[in-house]
Structure formats: structure tokens, C-alpha cells
2 protein chains.
Amino acid sequence: MVTLADVARHAGVSASTVSYVLSGKRSISASTRERIRRSIDELGYRPHAGARALASSRTHILALMMPLRTDLYVPVMMEIAMAVTTAARAHGYDVLLLTGEEGPEAVRRVEGSAIADAMIVMDVELDDPRLPFLRQAERPAVLIGLPADTTGFTCVDLDFEAAGARCVDHLADLGHRQIAVLGEPPAVYARGTGFAERTLAGLRAAAAGRRVGLLHRPCEGTHAAVAATVGRVFEERPSTTAFVVQNETAVEPLLALLRHQGLAVPEDISVVAVCAAQVAAHASVPLTSVGVPAQEMGRHAVERLVAHLDGHEDTGTVLIAPDLTVRGSSGPVAVPAPPPGRTERAGRGHSG
Amino acid sequence: MVTLADVARHAGVSASTVSYVLSGKRSISASTRERIRRSIDELGYRPHAGARALASSRTHILALMMPLRTDLYVPVMMEIAMAVTTAARAHGYDVLLLTGEEGPEAVRRVEGSAIADAMIVMDVELDDPRLPFLRQAERPAVLIGLPADTTGFTCVDLDFEAAGARCVDHLADLGHRQIAVLGEPPAVYARGTGFAERTLAGLRAAAAGRRVGLLHRPCEGTHAAVAATVGRVFEERPSTTAFVVQNETAVEPLLALLRHQGLAVPEDISVVAVCAAQVAAHASVPLTSVGVPAQEMGRHAVERLVAHLDGHEDTGTVLIAPDLTVRGSSGPVAVPAPPPGRTERAGRGHSG
DNA sequence: ATGAAAGCGCTAACAG
DNA sequence: CTGTTAGCGCTTTCAT
């Protein structure tokens with residue numbers, strides 16, 4: 001193994017000089033700097049991570065806590081993880097993957113063993129059990145998601161409230177007066193994930209402002225559950241002309257159901273999604289949607305953390321502005337509004 | 001920060017004794033061991049990862065190289081990553097996440113900086129550029145997937161050849177004589193991923209043995225591509241009565257298309273998938289399938305690596321036996337075989 | 001602009 | 001069964 005001492009000997013300088021060339025923490029004459037660089041390349045030297053961590057109290061590792069749960073859309077989690085890793089590498093950091101399984105204990109482990117310089121926590125719940133430990137930890141943390149109390153943390157998330165409002169505004173602009181919301185499964189609301197509620201708040205506020213009716217129903221992503229939920233929606237609000245879906249797994253079942261009921265999208269009924277762009281774009285009917293900016297979230301999280309580690313204190317919440325992409329699943333409400341043809345007799349979408 | 005020295009002082013012993021209690025590498029009297037354990041708990045001591053790594057040349061970290069590509073089914077990657085992380089924790093290891101982005105350079109980095117004790121490489125191609133570097137590395141590696149030359153590595157994968165054979169046997173047993181295979185997109189075959197070819201080899205061998213016709217077509221996962229491919233399949237082999245799909249994203253488009261053409265599954269046509277169990281189980285028609293044992297693969301990979309690190313030399317390939325789960329998308333071929341009703345005129349599945 | 005030297009916290013001989 | 005001690009490879013004062 002090539003050590004710093006080897007490089008120093010090879011370049012005819014002291015170890016500290018090599019170290020300083022690497023860290024750039026003091027000025028080195030151009031000539032020796034070049035000589036040392038050459039030695040480094042020639043010998044194929046790489047600093048020993050452990051030694052460096054021990055001496056400097058900096059591991060250049062960020063810990064990423066992933067949820068173990070599977071009721072959230074996995075590809076988005078993965079995209080965030082990849083974005084975090086890529087952004088981290090761009091700043092000279094590596095990423096340690098932790099599963100939610102260990103829970104708060106993972107925080108103590110990272111803290112106690114100094115195995116990472118900072119933590120990124122995904123799938124944060126409103127009253128997350130990890131937060132107290134994170135607060136009393138030495139290391140900075142960025143939360144992806146918004147807990148009830150954000151004191152002491154930097155949080156990064158999509159502005160789901162604005163996203164909800166954006167959906168309603170878009171549909172209201174198209175003339176829709178009665179909107180149904182197909183939400184995440186009840187379990188997601190129950191465990192206080194926050195984003196679902198925030199979206200709902202935005203939807204409701206905008207609906208009130210625009211004087212359109214809003215009916216919200218949590219929903220599992222199975223064909224059966226979607227059929228049942230949509231059935232009840234049409235019973236309660238027969239004048240529904242648009243759906244907002246916030247549940248990746250419910251997207252296809254919903255589209256299949258509407259098709260099966262002879263309702264054409266967007267001629268008879270509009271559908272807008274709050275979901276991963278990929279899901280919206282590749283659905284059997286490309287969906288107008290507000291995407292979850294996974295890449296951006298991952299990147300922001302890392303950059304905040306790196307800034308903090310570099311001494312630029314900057315706690316605070318980053319809410320990423322929603323972006324609504326029109327893809328053709330939303331259109332003007334039919335005039336006169338067609339009665340929802342919900343039985344087998346109906347043919348394919350005619351709007352008159 | 002609490003150090004080993006603090007614990008030693010608190011327990012009234014020497015540092016080495018504490019170290020040995022932790023590692024169990026030499027016998028300690030029950031009384032002092034207990035005393036030390038108590039001190040450790042009381043002080044909340046955790047070994048400093050960097051110091052330990054420096055002194056012992058063991059980081060207790062496994063590096064996991066994930067593909068950055070998105071043409072493979074993401075949830076399976078994620079499931080493997082989670083299984084790896086969980087299994088690693090169970091053996092006292094943490095997992096460092098590396099993206100394929102860095103390519104072979106990542107291998108050199110891990111090797112040179114001694115940031116991990118071993119590597120797990122996912123999405124291995126037949127002639128993977130990382131393998132030469134991995135071979136000359138000090139640290140052991142486990143590949144998830146099978147390269148052309150497995151010399152020097154432990155490889156873990158599903159026995160895709162057996163999986164393919166299993167599908168053909170299942171369908172042949174049901175009386176099918178002409179099977180079509182909807183494969184991964186051409187790009188997956190082109191870059192030499194191996195598993196796709198191995199599945200095909202298994203399908204072909206079994207088909208030859210059972211004297212059933214086999215037509216294989218790579219296919220993108222879009223509705224348009226599936227429609228085009230299936231159309232050509234029926235033109236070339238009108239007597240096709242069963243499909244084997246190995247492409248998660250093509251599953252729903254295929255089912256939708258068959259439905260739209262008035263072909264009932266499994267009455268008119270059988271469908272068997274080689275894909276993630278979750279996809280098969282939650283498809284609009286639950287699919288008979290051979291699942292990808294992601295959990296098992298991740299676990300095996302870690303266990304092999306840990307065994308190797310513990311000195312139990314055990315290089316070799318682990319091919320996990322396929323498991324075909326019957327879910328109702330496969331059935332006996334209709335007698336007499338129905339002509340595929342591929343045009344709009346056809347009603348819903350009647351077999352006469 | 002460069003060197004010398006003292007650790008960082010832990011492990012593993014080497015002694016007893 | 002336990003203690004002493006010499007590093008592991010690097011960073012960072014303190015000198016010059």
C-alpha cells in the first residue's frame with residue numbers, strides 16, 4: 001500500500017508538505033507542488049480513509065437513511081438516493097446507506113462511531129422518533145420531508161401545498177367545478193407523513209378560493225380498491241368531471257377503470273396526477289402532472305449539508321416550487337357536462 | 001466523545017482489556033468482562049470507526065455498486081440493496097453506496113482508500129470493464145449477475161436458464177405447442193447483460209426438448225412497441241397460444257393489448273412472466289411467474305463476502321433455483337385451438 | 001515556503 | 001488472565 005510517507009520520500013519533501021498539497025491549506029511553491037503531484041500519480045497514491053478520518057475528524061461520508069417501508073413509490077426513493085450519491089461524489093463525499101429498520105438507534109450509531117459527518121433522513125414523519133436523537137447529535141442533518149417541528153434542521157421537500165393548489169387552479173381554469181381527489185392509502189395518512197396532508201390542504205384552499213367542489217378519498221393502489229372508491233365518488237358527487245391522483249400505484253387502475261366505464265380522458269373526464277414524472281409520462285394516457293423533483297431534492301440536501309460542514313451555517317427549509325406539466329389528460333369540461341356513463345352499456349367517449 | 005481509554009479508566013483496567021472484551025479475541029474473566037460492559041453502557045461508548053479501521057485494516061463496510069441505468073426494473077435493484085443492507089447489518093457491517101457512474105474508477109477508489117473491506121457489484125455485464133480492476137484488487141468481491149469469465153469471483157444470481165426452462169415446461173405440460181417470448185428491450189441484450197441470454201437459452205433448450213415452437217422478440221415496454229411486436233408475432237406464428245414475458249414494463253401493455261383484442265387470459269392465451277413477484281402478483285391479471293429472488297440474492301452476496309472476510313475461502317457461483325408460482329394467467333390450451341382473434345370484430349374470449 | 005513531531009483512538013504483538 | 005507499548009497513516013500545531 002502506498003502511503004503519504006512514500007510519496008514524501010519519492011518527492012524528496014516532508015510528509016506535511018504532501019498533506020498540505022492535498023488539502024490546499026497552505027501555499028506551496030509551484031515547483032514542489034508539481035513534483036509532489038507527479039509522485040502521487042506515479043505511485044498511484046490514495047489517502048487512507050480511516051487514517052484521514054482519525055486525524056481530521058472528517059470522514060467525508062454522508063449517511064443516508066432510507067425507509068424500509070414499501071408503501072411509498074420505490075423508484076422515487078431510488079432516484080433521490082441516486083441523486084444524493086451523485087451530488088455527494090461531486091463534492092468529494094461518499095454515501096453510507098442505512099435502512100429505516102434500525103430506527104433511532106441508527107442515529108446514535110452514526111453519532112457515536114463517527115462513521116459519517118452528517119445525515120440525510122428520508123421519509124420523515126410529522127412526529128418522527130429519530131428527530132430527538134438527531135437534535136442532540138453533533139452532526140448536522142437534512143430532512144427530506146417536513147416534520148411538525150423543524151427546529152434545528154434543514155428540510156428539503158416539494159411544496160406539496162402549492163402543488164395541490166396548482167392542480168386545482170389548472171382544472172378550474174379549464175372549467176371544472178367538481179373535483180375528486182384519489183389520495184395515498186389510509187396508512188400513509190395515518191402514520192403522519194405530512195406530504196399527503198399538505199397536498200390536501202393546498203387542494204382545499206384553492207378549491208375554496210376558486211369555488212369548486214372537492215371530494216377527497218384515500219385509496220389503495222389495487223384495481224378493486226380504485227373501483228370501489230371511484231364508484232363511491234360518483235355516487236356522492238355525480239357531477240365530478242376531474243380527478244386529482246396522488247398515488248402512483250392507483251394511476252393505471254384508475255385509467256383502466258375509466259376506460260372500462262366508457263369515459264374518455266380527457267374528453268369526458270380530466271385526470272391530473274401528483275406523482276413521479278416517469279409514471280405520468282408513461283401511463284396508458286400520458287398524464288398532466290406535478291412531478292416529484294427527486295433529483296433536485298437529493299441535490300439540495302447534499303448541498304445544504306456540505307455547506308454546513310464547510311462552516312456556512314444555513315439552517316432553514318427549502319420548499320421546491322411545483323411544476324405542472326400538461327400532457328393531455330386534462331382538458332376543458334364538456335359543454336354540456338356529460339352524465340358519467342358508469343355502466344357497461346356506455347360506448348367510448350363522445351362528449352355530446 | 002467517549003474513548004476506549006475513558007472506558008478503561010472507568011472500569012479500572014487497561015485499554016487492551018477493553019479492546020479484547022469488544023473483539024472477543026482473548027478470554028477475559030467473567031467479572032472484569034461484566035464490569036467493562038457496564039462501563040461501556042454507562043458511558044455510552046462506541047468505538048471510533050476511523051481509529052478502528054486504521055489500527056485493524058478493517059472498516060466493517062461493504063461497498064455496493066448500483067447501476068445508474070434505468071432500463072432495468074428499479075424496485076428489484078432497490079430490493080436487493082435493502083436486502084444487502086439488512087444482511088450486512090446483521091453481520092455488523094455497514095454499506096457504502098456507489099453508483100455505476102464512476103465505473104471502474106470506483107473500484108480503484110475503494111481499493112486505494114481502503115474505505116470498504118469488500119465490494120458487491122450489481123448489474124454485471126458479460127464483459128464488464130470493472131472486472132479487471134476487481135481481479136487485481138486486494139479486497140474480495142461478489143458479483144450479482146454472471147459475467148462471461150467468472151474466474152476469481154463469487155457470483156450470485158437466479159438460475160435464469162432453469163427459469164426459462166421452467167416456463168416452457170409449465171406451458172408444455174398445459175398442452176401449448178407454440179410459445180412467443182417477449183423479451184427485454186434490444187438495448188439490454190446489446191450491452192451483454194447475460195441474464196436475458198441465459199433465460200433465452202433455457203427457453204430454447206426446453207422448447208427443443210418438448211418439441212414446442214418458440215419465437216423470441218426483444219421488446220420495449222411501451223404500449224406502441226408491445227402492440228407492434230405482438231402483431232408481428234401473430235403474423236409469423238398464428239398458432240401462438242402462450243406468451244413468456246421477461247420485461248416488467250411490458251407486462252401491463254401486453255395484458256391491455258390482449259384484452260383489447262378480445263383474447264381472454266388464460267382461456268384464449270396463457271401468459272407466464274419472469275419478473276419481480278410484486279409485478280406478477282399485482283398485474284391486472286395476476287400472472288403465473290418465476291420471480292427474481294432479490295432478497296435471497298442480496299443475502300447470499302453478503303454472506304459469501306462475510307465468510308470470505310472471516311477467512312473461509314469460498315469462491316464459486318451460487319445459482320438460485322427458480323420458483324414458478326402459478327397465479328392463474330396460465331391454463332390448458334383450448335381444444336380445438338382458437339384462432340387468435342386479433343381484429344376489432346372479435347368479442348370477448350370464447351373458445352369455440 | 002517547508003519540516004519536525006505530537007497525537008487522533010484503536011489493535012495486536014509482546015510481556016508477564 | 002491482564003498490562004505495556006508500538007504503531008496504523010494522516011493532520012496540524014509549532015518551529016524555522
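Because the structure is a prediction, the values reported are computed rather than measured. A, B, ... follow the sequence lines: proteins, then strands. Residue 1 opens every chain.
- In this structure, the side chain of A/Ser39 engages the main chain of A/Arg35 through a donor-acceptor pair within 3.5 Å.
- At least one donor-acceptor pair closer than 3.5 Å links the side chain of A/Glu111 to the backbone N or O of A/Glu138.
- With hydrogens and angles ignored, the 3.5 Å screen pairs a side-chain donor or acceptor of A/Thr3 with a backbone N or O of A/Asp6.
- Of all nucleotides in DNA chain C, those with any atom nearer than 4.0 Å to a heavy atom of chain A start and finish, going 5' to 3', at C/dA1 to C/dG9.
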Requested in this report: Sugar-phosphate means primed atoms, P, OP1 and OP2; the rest is base. With that split, encode nucleotides 5-11 of chain D 5' to 3' as B, S or - using protein heavy atoms under 4.0 Å.
Outcome: --BBBBB
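- Taking both residues in full, the closest heavy atoms of B/Pro104 and B/Pro129 are given as CG-O, 3.9 Å, listed atom of the first, atom of the second, then distance.
- Recorded end-axis angle for the helix from C/dA1-D/dT16 to C/dG16-D/dC1 stands at 30°, based on five pairs per end and rounded to 10 degrees.
- Salt bridge status for B/Glu105 with B/Arg109: absent, with no side-chain N to carboxylate O gap under 4.0 Å.
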Report task. Under the side-chain hydrogen bond (donor to acceptor under 3.5 Å, both in side chains) rule, what do B/Thr17 and B/Ser14 come out as? Steps first, then yes or no, please. Result -> CA-CA 5 Å; B/Thr17 303; B/Ser14 76; 3.2 Å; yes
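- With hydrogens and angles left out, the side-chain atoms of A/Ser29 and A/Thr32 include a donor and acceptor closer than 3.5 Å.
- At a threshold of 4.0 angstrom between heavy atoms, the contacts of A/Ser57 with the nucleic acid are absent.
- Not one N or O on the side chain of B/Asp117 forms a donor-acceptor pair closer than 3.5 Å with the backbone of B/Arg58.
- When each of A/Leu131, A/Ile120, A/Asp128 is tested with A/Leu143 by the rule side chain to side chain contact (heavy atoms under 4.5 Å, CB included), just one qualifies, namely A/Leu131.
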Report task. For side chain to side chain contact (heavy atoms under 4.5 Å, CB included), just list the numbers for B/Ile115 and B/Thr59, CA-CA rounded to whole Å, side-chain angles, deciding distance to a tenth of an Å, and then say yes or no. Result -> CA-CA 7 Å; B/Ile115 204 180; B/Thr59 61; 5.8 Å; no
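- Closest to the side chain of B/Thr32, out of D/dC14, D/dT2, D/dC1, is D/dT2.
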